[in-house]
Amino acid sequence: MAIFPSLEPTARNYDLRSFPVTAATFANGDQTRFRWGTTATSAPVVYQFEAISIASAELIRNHYLGQRDSQPFLVPVHLWRLHVDQYQIIPADQYYVYTAPPEETPIGGGLVTVSISLRASL
């Protein structure tokens, strides 16, 4: 099982997990919601790595090329820094998949800003 490279993000944005739900609206305007599982899923997260070296950006790019959007992988604990522990946000055995290729923005001087988008895998 692959693990994301050991790089420290400079920013992270995430949403909490949610249950898979669909809604059905009736002709009179009433709505019923159906929950399709007992396990919360999704948990999208975006990590940003500002002003990292081209070699570090290549580690992220190579990881993406190995995993793409279908191969789940673990996220190291240090990516959840600033929380008492990572399990406040995700369960211990949570895997992630990429939702899009990494976005790279060269900033000059051999430095790059990289942003990656992930979501929790089932």
Side-chain angles (χ1 to χ4, degrees):
M1 179 61 57
I3 297 177
F4 188 80
S6 185
L7 300 171
E8 182 73 29
T10 53
R12 68 186 64 75
N13 293 315
Y14 57 87
D15 288 330
L16 299 178
R17 299 174 308 139
S18 60
F19 290 97
V21 175
T22 57
T25 304
F26 299 99
N28 65 358
D30 289 345
Q31 191 176 75
T32 300
R33 295 180 184 267
F34 298 95
R35 190 163 98 175
W36 295 102
T38 58
T39 304
T41 59
S42 188
V45 62
V46 175
Y47 290 112
Q48 187 161 349
F49 303 86
E50 296 180 19
I52 61 174
S53 68
I54 292 172
S56 294
E58 188 174 4
L59 285 174
I60 295 171
R61 189 178 325 113
N62 288 340
H63 184 264
Y64 169 76
L65 291 174
Q67 302 308 115
R68 300 289 176 150
D69 58 356
S70 61
Q71 296 298 316
F73 57 92
L74 293 170
V75 173
V77 174
H78 71 271
L79 291 182
W80 294 105
R81 199 169 302 227
L82 303 178
H83 292 283
V84 175
D85 63 47
Q86 77 185 62
Y87 310 122
Q88 288 180 326
I89 307 300
I90 58 169
D93 60 351
Q94 186 65 67
Y95 292 97
Y96 280 85
V97 293
Y98 286 94
T99 59
E103 295 179 18
E104 298 182 25
T105 307
I107 56 175
L111 299 176
V112 180
T113 294
V114 179
S115 178
I116 60 167
S117 298
L118 311 174
R119 71 169 169 77
S121 174
L122 293 176

Can you tell me how far the [atom1] atom of [X] sits from the [atom2] atom of [Y], to the nearest 0.5 Å?
X: Ser117; Y: Gln48; atom1: OG; atom2: CD; result: 10.0 Å
X: Leu118; Y: Thr99; atom1: CG; atom2: OG1; result: 6.5 Å
X: Phe49; Y: Leu59; atom1: CZ; atom2: CG; result: 10.5 Å
X: Asn13; Y: Tyr47; atom1: CG; atom2: OH; result: 10.5 Å
X: Leu65; Y: Gln71; atom1: CG; atom2: CD; result: 13.0 Å
X: Tyr96; Y: Phe4; atom1: OH; atom2: CZ; result: 12.5 Å

Any residue meeting ring pair (Phe, Tyr, Trp, His ring centres under 6.0 Å) with Tyr98, in chain and number order, not counting sequence neighbours
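Tyr98 satisfies ring pair (Phe, Tyr, Trp, His ring centres under 6.0 Å) with His63, Tyr64, Phe73 only.
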
Where [X] and [Y] come nearest, the two heavy atoms and their spacing:
X: Leu7; Y: Ser56; value: CD1-O, 3.7 Å
X: Pro76; Y: Pro5; value: CG-O, 4.4 Å
X: Gln67; Y: Pro72; value: NE2-O, 3.5 Å
X: Thr113; Y: Ala51; value: OG1-N, 3.4 Å
X: Ser115; Y: Val46; value: OG-CG1, 3.6 Å

Under the side chain to side chain contact (heavy atoms under 4.5 Å, CB included) test, residues paired with Ser70 that sit two or more places apart:
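Testing Ser70 for side chain to side chain contact (heavy atoms under 4.5 Å, CB included), a comparison that skips the adjacent residues, returns none.
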
Test side chain to side chain contact (heavy atoms under 4.5 Å, CB included) applied to Phe34 - qualifying residues, sequence neighbours left out
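Partners of Phe34 by the side chain to side chain contact (heavy atoms under 4.5 Å, CB included) criterion, ordered by chain and then number, come out as Thr22, Ala24, Thr32, Trp36.
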
If hydrophobic residues (ILVMFWY) are linked whenever their side-chain heavy atoms come closer than 4.5 Å, directly or via other members, who joins Leu111 in its cluster?
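Hydrophobic cluster check, Leu111: joined to Ile107.
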
May I have all residue pairs that pass salt bridge (charged side-chain N to carboxylate O under 4.0 Å, His left out) and include part of residues 47-67, sequence neighbours excluded?
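Residue pairs passing salt bridge (charged side-chain N to carboxylate O under 4.0 Å, His left out), neighbours aside: Arg61-Glu104.
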
Can Val97 be reached from Val114 by stepping across I, L, V, M, F, W or Y side chains whose heavy atoms are under 4.5 Å apart?
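Different hydrophobic clusters.
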
Just wondering, do Ile60 and Ile52 contact through their side chains at under 4.5 Å, heavy atoms?
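Side chain of Ile52 against side chain of Ile60, heavy atoms only: contact under 4.5 Å found.
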
Just jot down the side chain to side chain donor-acceptor pair (under 3.5 Å) partners of Arg33, sequence neighbours excluded, or say none.
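Scan of Arg33 (side chain to side chain donor-acceptor pair (under 3.5 Å), adjacent residues dropped) gives Gln31.
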
